[in-house]
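The structure under discussion appears below in the form of structure tokens.
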2 protein chains.
Amino acid sequence: MSKDLPTNAKSRRRPEQVTLSQVAQAAGVSPITASRALNHPDKVSTSTRQSVLQSVERLGYVPNLVAGSLASSRSRLIAIIVPSLINSVFVEIIKGLQETLEAQGYQILLGNTDYDLDREYQLVRTFLGWSCSALVTAGLRHNDACRTLLANWGHPIMEVMELGKGMDLNIGLDHTAAGRCMANHLIDRGYQRIVYVGARLSHDYRAGMRYLGHKKMLKAKGLEAPLLELNTLGSLQAGAESLAQVLKDYPATQAIHFANDDLAAGALLAAQRQGLSVPDDIAIAGFNGLPLGQHITPKLTTILSPREAMGRLAAQELIRRLSGKSVYRRQHDVGFTLQVGEST
Amino acid sequence: MSKDLPTNAKSRRRPEQVTLSQVAQAAGVSPITASRALNHPDKVSTSTRQSVLQSVERLGYVPNLVAGSLASSRSRLIAIIVPSLINSVFVEIIKGLQETLEAQGYQILLGNTDYDLDREYQLVRTFLGWSCSALVTAGLRHNDACRTLLANWGHPIMEVMELGKGMDLNIGLDHTAAGRCMANHLIDRGYQRIVYVGARLSHDYRAGMRYLGHKKMLKAKGLEAPLLELNTLGSLQAGAESLAQVLKDYPATQAIHFANDDLAAGALLAAQRQGLSVPDDIAIAGFNGLPLGQHITPKLTTILSPREAMGRLAAQELIRRLSGKSVYRRQHDVGFTLQVGEST
DNA sequence: TTGAAAGCGCTAACAG
DNA sequence: CTGTTAGCGCTTTCAA
């Protein structure tokens, strides 16, 4: 009886699972050689490699990545933590990441915090337990426990979405500047009574930062900067409802600066249904640059953010870091573009 | 020197990593008792449990899930494989799954096949290597290698989206019936010259199944069932462009049955821009029941599918199975609802 | 309720 | 280029 195929009573082996040792035995080599043939093909002779691969095929061997990760303390797992999957913005970032990472043989562990920093901490703990190769998280805000945990982690951490003092790598855009930019555009267009509408700004604090920029710009011009904060999540429906609210609370409003395109498009379509002319009766602006905004009439004025590109770039930087290259930038400003439509 | 803290030269331990043994030692118990205190709290005395938890806290212990999974061959990892992340339909299913699974302490390994069955096979192989507790995959089509691999896997497999002869568990709806239903509605409305427009039906074969139902219904009424297949993915833009194409290829068309709401909404908005009246000049119908359809004017006639609910139900059935309950149904028909708008 | 011993399947380290 | 040895950190099995 071979030592590779224990039969003693205490064995806990899954009976059906084909192991690397079996493959090695079938190929007439040692387990470590079989391991090399699969993971470092160049460190093994061609003939050895081929006979190992043949045995793999014949036996239907599926590598046990759990065992491999434990032994090597590397996992090719990348944790991605987002605050929401409803918001298409995060999905697009995931898409950009996923596309690039999967092509390089990394797998994605996905977590959703629902905008809860304690939940984020729990997810981070779990993901560290999986020996992830890197962690991607949306935003720069974390609780203390989370920061402590990550402080000495030793693997790349990528914080995406907004720009600032990150823990490690950081890719995003300046939301305050974006808010300022749109406010400036509205003022330029001649609007003076401008309301900002956002949804749950304590959660979606990046929308809050845009409001801050907006407010600063308006104050600088001697204008008031009223804010309507909705208690629901951003959606077409919420946008439609907010329009009525704004017109009730601030009847003289000339323009509404929405925190995102969903809200803005919802309001725009609602305005149309009510026979209001956009932008003559009310001007509407959004943020994100969703395709929808360019298909409705009038076209939505918005700020385009390169979300998928942000995900791709984040993935590229991570891969560069993970492959030991030291030539990388700690921070990337992906910028934004004011897209002037016909709604302002 | 304790045997739990080896100092010999061959040790491969990560110096900083706190292990369960260290926690156990600090708490004055054996490693296995510490393990039980964390994973089976009821199998340990209250005082032991508390002192272990205290040591965990004090030392900042983070369980190594890789080691735990190897030892127990259980991982609390659920693999989700979808063909696309652009299509919001899959994202909503992921959301439903994620919400339910994460609440039960499962983590999600996400894979994207890009509608490629060979890629799916690779992903499945990788995920099996992670000792996933279960696998969720979109659709019933897989290649032979994939089927072989999964045939004796021994863990729950959930195939979502369409209904049919699944490998294990199956949740979805009857797409052929949905296509028939919408065709029937259009005929009822008095339309006779109806074009079906889909995007890449060999990839999005569920849209192809809906076309089949559509065609059958039309043929049964003695009507032709012309098909326009687009080479791009479904999007507002593609929908807008397809409208012109249909009007060119089939000038007498009275109604267009689109494979999904993105295409339909794109066409509807394009029609408006061109001054075409919907449904008088051209009727438009979609599939999915996206919110957008209910916010444009005229409201889009569509078929509502319960996508998030499908994800949630799938997760619930999986959890039921994983917790050893035998009371579960192999197949769930989540149905669909014809939502008659003003666009037909 | 607790512990001792023995692995889970793989790879790092070192030697040849 | 290949093999030997010894773990990775945890949980199973069995015994007390």
Side-chain angles (χ1 to χ4, degrees), chain A residues 3-25 27-52 56 61-76 128-131, chain B residues 3-25 27-49 51-52 56 59 61-76 128-131:
Chain A
K3 67 179 168 180
D4 289 327
L5 301 169
T7 52
N8 56 315
K10 262 221 167 181
S11 171
R12 276 148 53 195
R13 281 215 28 262
R14 288 44 123 198
E16 315 90 14
Q17 181 164 348
V18 179
T19 68
L20 187 59
S21 291
Q22 291 172 7
V23 170
Q25 196 175 42
V29 297
S30 72
I32 186 65
T33 300
S35 168
R36 288 196 190 103
L38 295 176
N39 301 318
H40 309 283
D42 47 311
K43 294 192 167 180
V44 123
S45 77
T46 315
S47 62
T48 311
R49 182 165 59 247
Q50 283 180 345
S51 83
V52 169
V56 164
Y61 170 68
V62 177
N64 184 328
L65 300 174
V66 178
S69 295
L70 179 59
S72 67
S73 59
R74 270 181 284 96
S75 75
R76 295 192 84 78
L128 294 205
W130 279 110
S131 307
Chain B
K3 66 180 169 179
D4 290 326
L5 301 169
T7 53
N8 57 315
K10 263 223 165 178
S11 171
R12 276 148 54 195
R13 281 215 28 261
R14 286 50 118 195
E16 316 89 14
Q17 180 163 349
V18 179
T19 68
L20 188 59
S21 291
Q22 290 172 9
V23 170
Q25 197 175 40
V29 297
S30 72
I32 182 61
T33 300
S35 167
R36 283 199 273 256
L38 295 176
N39 301 319
H40 309 282
D42 47 310
K43 294 193 166 179
V44 123
S45 76
T46 315
S47 62
T48 310
R49 181 165 60 246
S51 85
V52 169
V56 164
L59 299 178
Y61 170 67
V62 177
N64 184 327
L65 300 174
V66 178
S69 295
L70 178 59
S72 67
S73 60
R74 271 180 284 95
S75 75
R76 295 192 83 77
L128 294 205
W130 279 110
S131 307

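Throughout, protein chains are lettered first and strands after them, A, B, ... in sequence-line order, and every chain is numbered starting at 1. Scope of the values below: all heavy atoms of this structure, side chains included, with no hydrogens, waters or symmetry mates.
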Of the listed nucleotides ([options]), which one gets closest to any side-chain atom of [X]?
X      : options                  : answer
Q17(B) : dC10(C), dA4(C), dG9(D)  : dG9(D)
N64(A) : dC10(C), dG9(D), dT4(D)  : dC10(C)
A71(B) : dC10(C), dT11(D), dC8(D) : dT11(D)

For [X] and [N], what is the distance between atoms [atom1] and [atom2] respectively, to the nearest whole Å?
X      : N       : atom1 : atom2 : answer
L70(B) : dT11(C) : CG    : P     : 12 Å
L20(B) : dG3(C)  : CG    : C1'   : 14 Å
Q22(A) : dC8(C)  : CD    : C1'   : 14 Å
L65(A) : dC8(D)  : CG    : C1'   : 16 Å

Quiz item: Which is true for S45(B) with a 4.0 Å heavy-atom rule: it touches a base, it touches only sugar-phosphate, or it touches nothing?
Solution: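 Answer is sugar-phosphate: S45(B) comes under 4.0 Å of backbone atoms only.
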Self-check item: Sugar-phosphate only, base, or nothing, as touched by V29(B) at under 4.0 Å among non-hydrogen atoms
Solution: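 The residue V29(B) makes sugar-phosphate contact but no base contact.
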Self-check item: 5' priority, DNA chain D, between V66(B) and I32(B) [closest heavy atom]
Solution: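 Counting from the 5' end, the first nearest nucleotide belongs to V66(B).
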[X] vs [N]: side-chain N/O to OP1/OP2 distance below 4.0 Å:
X      : N       : result
T48(B) : dT2(C)  : yes
R74(A) : dA12(C) : yes
S72(B) : dT11(D) : no
S69(A) : dC10(C) : no

Exercise. List for me each residue that meets side-chain hydrogen bond (donor to acceptor under 3.5 Å, both in side chains) alongside T33(A), sequence neighbours excluded, and say none if there are none.
Key: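 For T33(A), the residues satisfying side-chain hydrogen bond (donor to acceptor under 3.5 Å, both in side chains) (neighbours in sequence not counted) are S30(A).
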Quiz item: Considering only heavy atoms, which members of residues 33-43 of chain A lie under 4.0 Å from some atom of DNA chain C?
Solution: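 Within this stretch, S35(A), R36(A), N39(A) sit under 4.0 Å of the strand.
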N/O donor to acceptor pairs below 3.5 angstrom from side-chain atoms of residues 37-45 of chain B, sequence neighbours left out:
unit_1 : atom_1 : unit_2 : atom_2 : d
N39(B) : ND2    : S35(B) : O      : 3.3
S45(B) : OG     : S47(B) : OG     : 3.4
S45(B) : OG     : T48(B) : N      : 3.3
S45(B) : OG     : T48(B) : OG1    : 2.6

Exercise. Over all heavy atoms of both residues, which pair between A67(B) and L70(A) is shortest? Give the atoms and the distance, please.
Key: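 Minimum heavy-atom contact is CB-CD1, 3.7 Å.
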Quiz item: Which residue, V62(B), N64(B), L59(B), forms the side chain to side chain contact (heavy atoms under 4.5 Å, CB included) with V18(B)?
Solution: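 Answer after filtering V62(B), N64(B), L59(B): L59(B).
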Quiz item: Okay, side chain of S75(B), backbone of S131(B): is any donor-acceptor separation there less than 3.5 Å?
Solution: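 Checked: pair present.
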Self-check item: Any W130(A) side-chain heavy atom under 4.5 Å of S69(B) side chain
Solution: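 A side-chain contact exists here, since the closest heavy-atom pair is under 4.5 Å.
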